[in-house]
Amino acid sequence: MSGRNTLYWRRKKRLMSSDRLPSRSENFAEWYNQIVLRAELADYAPVRGCMVVRPYGWALWENIQKALDRRFKETGHVNAAFPLFIPKSFLEKEKAHVEGFSPELAVVTIGGGEELEEPLVVRPTSETIIGHMYSKWIKSHRDLPVLINMWNNVVRWELRTKLFLRTTEFYWQEGHTAHATHEEAEAETLQMLDIYADFAENEAAVPVIQGLKSEREKFAGALRSYTIEAMMGDLRALQSGTSHNLGDNFSRAFNIRYSDQNNELQYCWTTSWGLSTRFIGTIIMVHGDDQGLILPPRLAPYQLVIVPIFRNEEQKTVVFEAVKRIEAQLSEFRVKVDWREDVTPGFKFNDWEMRGVPLRIELGPRDVESQQVVLVRRDISGSEGKFQVSQDGLASVVEKMLIDIQNHLFKRAVRFREENTHRVETYEDFKETLEHKGGFIRVHWAGTSEDEDLIKEETRATIRCFPLDPPEGHGCCFYTGEETDRIAIFARAY
RNA sequence: CGGGGUGUAGCGCAGAUGGAAGCGCGCCGCGUUUGGGACGCGGAAGUCGGCGGUUCAAGUCCGCCCACCCCGACCA
């Protein structure tokens, strides 16, 4: 054990002192950390488990927010804000909810120097305070549905943290809706799952599997939880967004009732759904390479960076003029011009590759002379990704190339996931595959929650979800041997 | 909470047997450079994690505390 740790430290020292990013294959975890820090997405905060989201990381988050918020509004949702503090007793009203969250609550017991009569928890999620308010607001079937979303931060006292993936405080949106019937609530839950999948695939170029969570993995207090699961570059799974049908659990706990058309009191059916800054981790681990981050053009803070090249004042004047002209031509895109004069162009190339900017334009005296630019794609390394392009009609070339990069990233990620998804018939095969290949394992499943626990204990793999894909017909459960048509995806997960 | 480890300049580290705090990178200044991570010269920067003890003398020895990191159990 200590020998292994010594090795770890030696390796870490070497990685930290070198200029190069550790490769994904030699140390994926350290590769990830270094990208977050070097690309200036985030930094460690002076509070344990907390991070500072730096301007470049926040710009990415803002683009994620815009893409999601537009979809929420299009489906009739409105934004609101609920308090950060929640009376501790609220959490205790729903049994499964309090059992799930109590180990990770931050609690405020003193305010203004006085001991509080009732401790306040810093929200780990807002179902309870929403439930309290909804019970005040909802009286009649005419008040339904209520479709509210909130962009906020929450706190969960996690034991082991990792930048973006699991931090004590994180940023997200949480949608909370109330409906007259169970069917409507289920339809809403699935609609929002669809929106997450659409966002992931079409904005972030991240292929996801939509599925139902197992009883062991579902949200504390939910009737059913759905997930979008993505495969990371190290073959592990990451839950990248969730949508919950809460049934009438919170309605009963908080007395959210309405009078129906017959003037009879009915409990509401509620949902909640969230996607967090964890998704930035998804983007990093799905698209990044040994050069650093690769951002999907639709979400990248800068879609294109221009690096001017010159040797003297005379050249600088000429190049400056050309860059200004090109920048104006490309005003429909998010463009950054790197005018720094204290670093060399070569440094800038590496720097912007680390930061994942999808396209780069190099513009020097030779290009001014020939009325061209050098256009370089981030997603294809080497000379195949470099093009000499005329300055005339540059905007349309850039537009096409950004679309092409977006599509290429998605297709590449789909192929990667498919190449690393395996089917097995027996538990022996399962363990063998997990050990030597990893990735997603697709199986017929008829086991119980206890079976799932045993498998997890032995292999560290869990059921990521039961995919919502059309049924594939009967087969034998790889674990129990029973005949079933239920499909499960197992993987080691973050 | 269990097991392991580390605290010395912004970052990464070196400082046998106690005897004047160092190296690399970064940072600041000047000059030369600039089409794939430039170079030279000069410079600033540290209550050695904290408290206590031993000693003429502690970064170094002893005790207690604190923080952080890694591996497990929990999780968006």
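Note: hydrogens, waters and symmetry copies are ignored here, and every other heavy atom, side chains too, is used. Below, chain A is the first sequence line, B the second, and so on; all start at residue 1.
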Which whole number of Å gives the distance between the [atom1] atom of [N] and that of [M]?
N: B:rA9; M: B:rA21; atom1: P; value: 15 Å
N: B:rG22; M: B:rU60; atom1: C1'; value: 15 Å
N: B:rA16; M: B:rU32; atom1: C1'; value: 44 Å
N: B:rC48; M: B:rG43; atom1: C1'; value: 23 Å
N: B:rG49; M: B:rA67; atom1: P; value: 16 Å
N: B:rG40; M: B:rG5; atom1: P; value: 41 Å
N: B:rA14; M: B:rC56; atom1: C1'; value: 28 Å
N: B:rA58; M: B:rG53; atom1: P; value: 12 Å

Measure [atom1]/[X] against [atom2]/[N] and give the value in whole Å, please.
X: A:E313; N: B:rU32; atom1: CD; atom2: P; result: 12 Å
X: A:E40; N: B:rG26; atom1: CD; atom2: C1'; result: 13 Å
X: A:N33; N: B:rC11; atom1: CG; atom2: P; result: 16 Å
X: A:E30; N: B:rC70; atom1: CD; atom2: C1'; result: 11 Å
X: A:L37; N: B:rG10; atom1: CG; atom2: P; result: 18 Å
X: A:F347; N: B:rC39; atom1: CZ; atom2: C1'; result: 16 Å
X: A:K316; N: B:rG35; atom1: NZ; atom2: C1'; result: 18 Å
X: A:W339; N: B:rU34; atom1: CH2; atom2: C1'; result: 14 Å

For [N], the Watson-Crick or wobble partner whose two distances fall under 3.5 Å:
N: B:rC1; result: B:rG72
N: B:rA58; result: none
N: B:rC41; result: B:rG29
N: B:rG35; result: none
N: B:rG46; result: none
N: B:rG12; result: B:rC23
N: B:rA67; result: B:rU6

> Checking salt bridge (charged side-chain N to carboxylate O under 4.0 Å, His left out) against A:E353, which of A:K348, A:R38, A:R378, A:R360 comes through?
Replying inline: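 Testing A:E353 for a salt bridge (charged side-chain N to carboxylate O under 4.0 Å, His left out) against A:K348, A:R38, A:R378, A:R360 leaves exactly one candidate, A:R360.
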
>> Ring-plane angle category for A:Y479 and A:W445, please: parallel below 30°, perpendicular beyond 60°, tilted otherwise.
In response: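 Rings of A:Y479 and A:W445: tilted, as their planes differ by 30° to 60°.
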
> What orientation do A:F310 and A:W339 show, parallel under 30°, tilted 30 to 60°, or perpendicular over 60°?
Replying inline: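 Ring orientation of A:F310 relative to A:W339: tilted.
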
> Is there a donor on the side chain of A:K386 or the base of B:rG35 sitting less than 3.5 Å from an acceptor on the other?
Replying inline: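 Checked by distance alone, the answer is no.
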
> Can you find a donor-acceptor pair, distance only, under 3.5 Å between A:D351 side chain and B:rG37 base?
Replying inline: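 Donor-acceptor pair under 3.5 Å: no.
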
>> Distance to the ring centre below 6.0 angstrom and angle to the axis at most 45 degrees; does that hold for A:R236 and A:Y494?
In response: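 Yes; both conditions hold, so A:R236 lies above the ring face of A:Y494.
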
> Regarding A:K93 and the six-membered ring of A:F90, is the cationic atom NZ or CZ under 6.0 Å from the ring centre and inside 45° of its axis?
Replying inline: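 Yes, A:K93 lies over the aromatic ring of A:F90.
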
> In terms of side-chain heavy atoms of A:T344, which of B:rA38, B:rG35, B:rG36 is nearest?
Replying inline: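 Closest of the options to the side chain of A:T344: B:rA38.
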
> Does A:R311 have a side-chain nitrogen or oxygen under 4.0 Å from the phosphate oxygens OP1 or OP2 of B:rU34?
Replying inline: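 For A:R311, the contact criterion (side-chain N or O under 4.0 Å from OP1 or OP2 of B:rU34) is met.
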
>> Under a 3.5 Å cutoff, is there a donor and acceptor pairing between the side chains of A:D194 and A:Y226?
In response: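 Distance-only check fails for A:D194 and A:Y226.
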
Identify each atom pair where a protein N or O and an N or O of nucleotides 43-45 of chain B are less than 3.5 Å apart, giving names and distance.
none

> With a non-hydrogen cut-off below 4.0 angstrom, is A:V154 in contact with a base, only sugar-phosphate, or nothing?
Replying inline: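 Nothing, no nucleic acid heavy atom in range.
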
Does [X] reach the main-chain N or O of [Y] with its side chain, forming a donor-acceptor pair under 3.5 Å?
X: A:S243; Y: A:T189; answer: yes
X: A:E201; Y: A:V208; answer: yes
X: A:R464; Y: A:L238; answer: no
X: A:T317; Y: A:E313; answer: yes

Between protein and nucleic acid, restricted to nucleotides 72-76 of chain B and to nitrogen or oxygen atoms under 3.5 Å apart, what atom pairs and distances do you find?
{"residue": "B:rC74", "atom": "OP2", "partner": "A:K456", "partner atom": "NZ", "Å": "3.4"}
{"residue": "B:rC75", "atom": "O2'", "partner": "A:E158", "partner atom": "OE2", "Å": "3.3"}
{"residue": "B:rC75", "atom": "O2", "partner": "A:R166", "partner atom": "NE", "Å": "2.7"}
{"residue": "B:rC75", "atom": "N3", "partner": "A:R166", "partner atom": "NE", "Å": "3.0"}
{"residue": "B:rC75", "atom": "N3", "partner": "A:R166", "partner atom": "NH2", "Å": "3.2"}
{"residue": "B:rA76", "atom": "O3'", "partner": "A:Q239", "partner atom": "NE2", "Å": "2.3"}
{"residue": "B:rA76", "atom": "O3'", "partner": "A:R278", "partner atom": "NH1", "Å": "3.3"}
{"residue": "B:rA76", "atom": "N6", "partner": "A:T167", "partner atom": "N", "Å": "3.2"}
{"residue": "B:rA76", "atom": "N6", "partner": "A:T167", "partner atom": "O", "Å": "3.1"}
{"residue": "B:rA76", "atom": "N3", "partner": "A:S276", "partner atom": "OG", "Å": "3.0"}

> How should the glycosidic conformation of B:rA57 be described, syn or anti, under the criterion that syn lies within 90° of 0?
Replying inline: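 For B:rA57, whose glycosidic angle is more than 90° from 0, the conformation is anti.
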
> Can you check whether A:F254 and A:Y134 have ring centres sitting under 6.0 Å from each other?
Replying inline: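 Centroid separation for A:F254 and A:Y134: 6.0 Å or greater.
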
> Using the benzene-type ring in the case of Trp, are the ring centres of A:F279 and A:W172 under 6.0 Å apart?
Replying inline: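 Distance test on ring centres: not under 6.0 Å, no.
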
